[in-house]
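There's a structure below that I have some questions on.
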Amino acid sequence: MKTFTIAVIPGDGVGREVVPPAKRALEKAARKHDVTFAFQDFDWGAEHFFRWGSMMPAGALDLLAPCDAILLGAVGHPDIPDHTTLNGMLLPIRRAFDQYANVRPAYLYPGVASPLAGRQGGDIDMVIVRENTEGEYAPVGGFVYHNQPEEIAIQTSVFTRRGIERIVRFAFDLAVKRGKKKRVTSVTKSNAQGYSMTLWDRTFREVAAEFPGIETESLLVDAAAMNFVRRPQTFDVVVGSNLFSDILSDLSAAIVGSMGLAPSANLDPLRRFPSMFEPVHGSAPDIAGKGIVNPLATVLSAAMLLDHLEMADAARDVENAVAAVLAEGHARTPDLGGSSRTEEVTEAVLEKLA
Ligand code: GGG
């Protein structure tokens, strides 16, 4: 029987409540497919910061490197500045392991209400592909006259032809693999940002020429946001920079019913390093500890982990279990208009997996 080693970082806030259900779903799905998981739990995050002054210890990346994949909950604590938590753990892991493709599917499940009028289950089915290692989140910049009245802050975006080309090619390959609308939408702001974004547009056109069977569309990010609301059914694969896709994937999650249903994968498509799977949502301190967080975004992220480890049947089992629970509509956390607790939704999914 094959055993996969999974690094588990529950992190902060609701991250600690959504990771155990995902581990249970993984274990149950794996049992049916003659696979086992060896979980290595790492208690990193805000508590580690309070105790030791850093989100994760020195040498943390060396501990993660030999694992087959990483399962992450959330990062963020009200008493620590958000840039400290994000730059102290999540972003360094993405960069160290060259997880350059952040894949964020948004699917309107039957039985789930979209805030958009007239949309039925299956009407919205898109994937946001986010460039994940450079762009606006590159750690390049600094302060001059720090904390003085004449203070200057400089934050530099970094766009490389190599970085753009590989994420755009990943998006086209994904559109081919999905075999659905066969459409890739590129999102930029090249009317205002005439260097980085025009490099993106030119690179997009060059890569698109290699995929004559895929329809293309280029939108400015403001128009993309508007069209996610006006005509969400037309989108298939949407590719954009680190910042734009971060924002648009919150919007895509909202139009399919809830951030609580939005999974994600931070992939090293070349498989040199472990890839990382996490819900799109953050630590949600307002509901942390109340036992009402929706575990399904993390459970669906676990399904993406199974897909990445080439256990497609097990991944479909998990997705189908989630779809069945949502279609029945009995077990629902408050974000979906229900009153179920995290535990009840978890048990409902596990029952379907049996
Ligand atoms: N699920 C991980 C998490 O806490 N995400 C919140 C967040 O702010 N993420 C920023 C990002 O994805 O770049």
Side-chain angles (χ1 to χ4, degrees), residues 7-23 42-49 55-56 64 69-106 127-139 155 157-158 163 167 238 240-254 258-267 274-288 293-305 335 342:
V8 181
I9 313 173
D12 308 321
V14 296
R16 308 180 83 78
E17 298 167 62
V18 291
V19 160
K23 284 168 80 174
F42 295 106
D43 210 5
W44 302 338
E47 291 309 322
H48 191 279
F49 183 89
M55 290 288 287
M56 52 185 187
L64 298 177
I70 304 165
L71 178 66
L72 175 84
V75 286
H77 190 283
D79 297 335
I80 309 174
D82 283 338
H83 70 269
T84 302
T85 48
L86 213 59
N87 286 288
M89 192 158 79
L90 190 55
L91 302 187
I93 294 175
R94 288 174 179 166
R95 281 193 297 265
F97 297 137
D98 208 13
Q99 297 166 345
Y100 66 84
N102 189 328
V103 181
R104 299 184 157 192
V127 182
I128 313 293
V129 172
R130 166 183 176 186
E131 199 296 312
N132 211 29
T133 50
E134 54 176 52
E136 305 89 343
Y137 290 13
Q155 183 100 39
S157 295
V158 175
I167 195 64
V238 178
S241 69
N242 216 331
L243 175 65
F244 292 167
S245 295
D246 189 0
I247 297 167
L248 286 178
S249 56
D250 272 31
L251 181 54
S252 64
S258 173
M259 284 293 280
L261 294 176
S264 80
N266 302 270
L267 300 179
S275 291
M276 179 164 66
F277 301 82
E278 54 164 326
V280 171
H281 65 72
S283 58
D286 54 332
I287 58 163
V293 62
N294 190 340
L296 296 181
T298 317
V299 171
L300 290 168
S301 304
M304 296 180 83
L305 182 156
D335 58 301
T342 308

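Counting convention: from 1, in listed order, for ligands and their atoms alike.
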Indicate yes or no: at least one non-hydrogen side-chain atom of Met276 is less than 4.5 angstrom from one of Ile93.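 When only atoms from C-beta onward are counted, Ile93 and Met276 do touch, with a gap below 4.5 Å.
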Per-ligand residue contacts, ligand 1, heavy-atom threshold under 4.0 Å: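 Its neighbours under 4.0 Å (heavy atoms only) are Gly73, Ala74, Val75, Leu86, Leu90, Arg94, Arg104, Arg130, Tyr137, Asp246, Glu278, Pro279, Val280, His281, Gly282, given by chain and number.
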Is a donor from one side chain sitting under 3.5 angstrom from an acceptor on the other, for Tyr137 and Asn132?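 No, no side-chain donor-acceptor pair sits under 3.5 Å.
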Contact check, side chains of Phe97 and Thr133, non-hydrogen atoms, under 4.5 Å: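 No, every pair of side-chain atoms sits at 4.5 Å or beyond.
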So, Glu136 and Ser241: side-chain donor and acceptor under 3.5 Å apart, yes or no?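 Ser241 and Glu136 do have a side-chain donor-acceptor pair below 3.5 Å.
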If you measure only the distance, is there a donor-acceptor pair under 3.5 Å linking the side chains of Ser283 and Asp12?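 Result is no, nothing qualifies.
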Salt bridge (charged side-chain N to carboxylate O under 4.0 Å, His left out) pairs, two or more places apart, involving residues 84-96: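 Non-adjacent pairs meeting salt bridge (charged side-chain N to carboxylate O under 4.0 Å, His left out): Arg94-Glu278.
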